[in-house]
Structure formats: C-alpha cells, structure tokens
Peer 1: 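Before I ask anything, let me first share the structure, which is written out below as structure tokens.
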Amino acid sequence: GTKIVYERAFLMNLRNSPISK
Amino acid sequence: LDLGPVEYPAGEHRLQHPYCLWFSKRQTLVRNPQVQATEGYGQSLRLVGQVATVEQWWGLYIHVVRLHDLPQHTDLHLFKKGIRPMWEDPANSKGGKWVIRLRKGQVGRAWENLCMAMLGEQFVTGNEICGVVVSIRYQEDQLSIWNRTASDQATTARIRDSLKRLLNLPATATMEYKTHNDSLK
C-alpha cells in the first residue's frame with residue numbers, strides 16, 4: 001500500500017488532540 | 001519481551017510501522033567489565049511500551065520522564081517492533097549508526113524531532129531505519145539513529161542529510177558514523 005508519511009507540524013497538531021490525553 | 005499484538009483503534013492515525021520504547025540504565029554493580037559489555041546490557045533493557053498510531057505515541061511520550069530528569073548513563077530506545085535495540089539482533093548485525101553529540105540541555109528538542117522524523121517516515125531510505133536512541137551522559141548527551149546496512153554509503157549519506165535538515169541541530173553538535181562492528185571492538 002501507500003507509505004504513510006507525516007510531517008512534524010501534523011504530528012504536533014495531533015499531540016494536543018483529546019484522544020492522546 | 002512482547003507486549004502482544006498492536007492495536008489500531010478506530011479514528012486514530014496509523015503509523016507506517018509499530019514501534020517499541022525501551023529503557024536501559026548502565027549497571028554499576030557488575031564487577032566483570034566483559035559481562036557488563038555483553039550480558040549486562042541485555043539484562044538492563046526494559047520494554048516500556050509499544051505504539052502503532054500517532055495518538056498512542058503521544059499517549060506514551062507525554063508520560064515518559066523528561067530527559068533532563070533522567071539520571072546519567074540511561075538510554076531511551078525507540079525501535080521498530082520486532083527489532084531489539086542490540087547489535088546482536090539480526091536487523092542490526094550488519095548495521096551502524098549516526099551518532100550526534102550535543103551539549104547538556106540541547107538534547108530534548110532534538111530527540112523529539114528525531115522521534116517524529118522516524119515515526120513520520122521522513123527518512124527516505126526504504127526499510128533501512130531500525131530505531132533511534134537518546135543517551136544521557138555526564139558532560140554531553142547523544143542521539144543515535146541505527147540503520148541496517150552500514151556498507152550502504154548512499155543510504156548513510158541520505159540519513160545524514162535528512163538529520164541535518166530535520167533536527168535543526170545547534171552549530172556545536174557533532175556527527176559521526178560508526179558501524180556496530182567498530183563499536184563491538
């Protein structure tokens with residue numbers, strides 16, 4: 001399948017998502 | 001040494017590979033230095049957790065002790081699930097690592113960037129990356145990134161260039177490549 005690539009800014013955004021707390 | 005199958009909860013952002021976080025601390029009570037260098041290392045490794053999604057990564061990361069609170073001679077290892085952070089692992093036996101030395105106080109941000117670069121597949125090297133390590137030491141700290149094939153100079157050069165681009169390293173940081181064979185000697 002397609003390789004899953006995430007950039008830093010996208011990962012940092014998810015850091016503050018409710019699910020990670 | 002296995003935390004079971006990884007889980008992919010609905011709605012979470014799946015990573016390309018699942019990873020395991022390990023912790024190790026140099027044993028101080030071992031008297032025979034050769035034992036310390038081989039058996040002692042494996043015995044001091046502790047598996048902390050595994051992550052398969054971005055959300056799981058942050059859930060683990062925010063609970064890990066901050067690097068500046070870790071005692072000297074401790075290491076955190078983030079490796080692809082199935083690869084132990086040891087030279088002896090088949091994935092590492094022909095490999096090597098870029099080692100970045102940083103002044104005390106500079107490693108925290110660089111470690112976070114390094115983890116994110118690996119989890120987000122920012123190193124365009126196929127399946128060469130095995131894992132990353134942060135080593136807390138007395139005068140300076142170290143980051144390492146391990147790859148499978150030390151003899152593949154095109155790959156090691158690409159990893160070096162990616163590190164420079166992605167980590168925003170301070171000018172005082174130094175980098176060198178070591179094969180695991182060299183480290184064993």
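Letters A, B, ... are given to chains in the order of the sequence lines, protein chains preceding strands, and every chain is numbered from 1.
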Peer 1: How long is the straight-line distance from OH of B:Y61 back to CZ of A:R15, given to the nearest 0.5 Å?
Peer 2: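 It comes to 5.5 Å.
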Peer 1: Within a reach of under 6.0 Å around NZ of B:K94, are more than 12 heavy atoms found that belong to other residues, nucleotides or ligands?
Peer 2: no
Peer 1: With clusters defined by side-chain heavy atoms of hydrophobic residues (ILVMFWY) lying less than 4.5 Å apart, directly or transitively, does B:V51 cluster with A:V5?
Peer 2: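 No, no single cluster joins them.
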Peer 1: When rounded to the nearest 0.5 angstrom, what is the spacing between CG in B:L119 and CZ in A:R8?
Peer 2: 13.0 Å
Peer 1: Near B:N168 CG, under 6.0 Å, is it more than 12 heavy atoms from other residues, nucleotides or ligands?
Peer 2: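 It does not: B:N168 CG has 12 such atoms or fewer within range.
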Peer 1: Any heavy-atom pair between the side chains of A:E7 and B:M116 that's under 4.5 Å?
Peer 2: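 Counting from C-beta outward, B:M116 and A:E7 never come under 4.5 Å.
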Peer 1: Look at the side-chain heavy atoms of Ile, Leu, Val, Met, Phe, Trp and Tyr, link any pair under 4.5 Å apart, and say whether B:V132 and B:F23 land in one connected group.
Peer 2: yes
Peer 1: At under 4.5 Å between heavy atoms, what parts of residues 175-182 of chain B are in contact with chain A? List them by residue number.
Peer 2: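 So far as heavy atoms go, nothing in residues 175-182 of chain B approaches chain A to under 4.5 Å.
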Peer 1: Can you name the ring pair (Phe, Tyr, Trp, His ring centres under 6.0 Å) partners of B:Y8, sequence neighbours left out?
Peer 2: none
Peer 1: Is B:W58 reaching over with its side chain to a backbone N or O of A:L11, donor-acceptor style, under 3.5 angstrom?
Peer 2: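 Here the side-chain-to-backbone pair exists.
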Peer 1: Can you tell me which portion of B:H17 sits under 4.5 Å from chain A's heavy atoms? Options are side chain, backbone, both or neither.
Peer 2: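 Contact with chain A is absent: no heavy atom of B:H17 under 4.5 Å.
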Peer 1: Hey, does the side chain of B:Q16 reach the backbone of A:I4 with a donor-acceptor pair shorter than 3.5 angstrom?
Peer 2: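 Looks like yes, one N/O pair under 3.5 Å.
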Peer 1: Using heavy-atom distances under 4.5 Å, tell me whether B:L15 contacts chain A through its side chain, its backbone, both, or neither.
Peer 2: both
Peer 1: If contact means a heavy atom pair closer than 4.5 Å, which residues of residues 101-115 of chain B contact chain A?
Peer 2: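 Contacts with chain A: B:R109, B:E112, B:N113.
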Peer 1: Restricting to ring pair (Phe, Tyr, Trp, His ring centres under 6.0 Å), what partner residues turn up for A:Y6, sequence neighbours left out?
Peer 2: A:F10
Peer 1: May I ask whether B:L21 and B:L67 are part of the same hydrophobic cluster, defined by side-chain heavy atoms of I, L, V, M, F, W, Y residues being less than 4.5 angstrom apart, directly or through others?
Peer 2: yes
Peer 1: Is there a continuous path of hydrophobic side-chain contacts, each under 4.5 Å between heavy atoms, that joins A:M12 to B:Y19?
Peer 2: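 Result: yes, single cluster for both.
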Peer 1: B:L47, B:M86: one ILVMFWY side-chain cluster at the under-4.5 Å cut-off?
Peer 2: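 Linked within one cluster.
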Peer 1: Does atom CD of B:Q72 have more than 12 heavy-atom neighbours, drawn from other residues, nucleotides or ligands, at distances under 6.0 Å?
Peer 2: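 Correct, the count exceeds 12.
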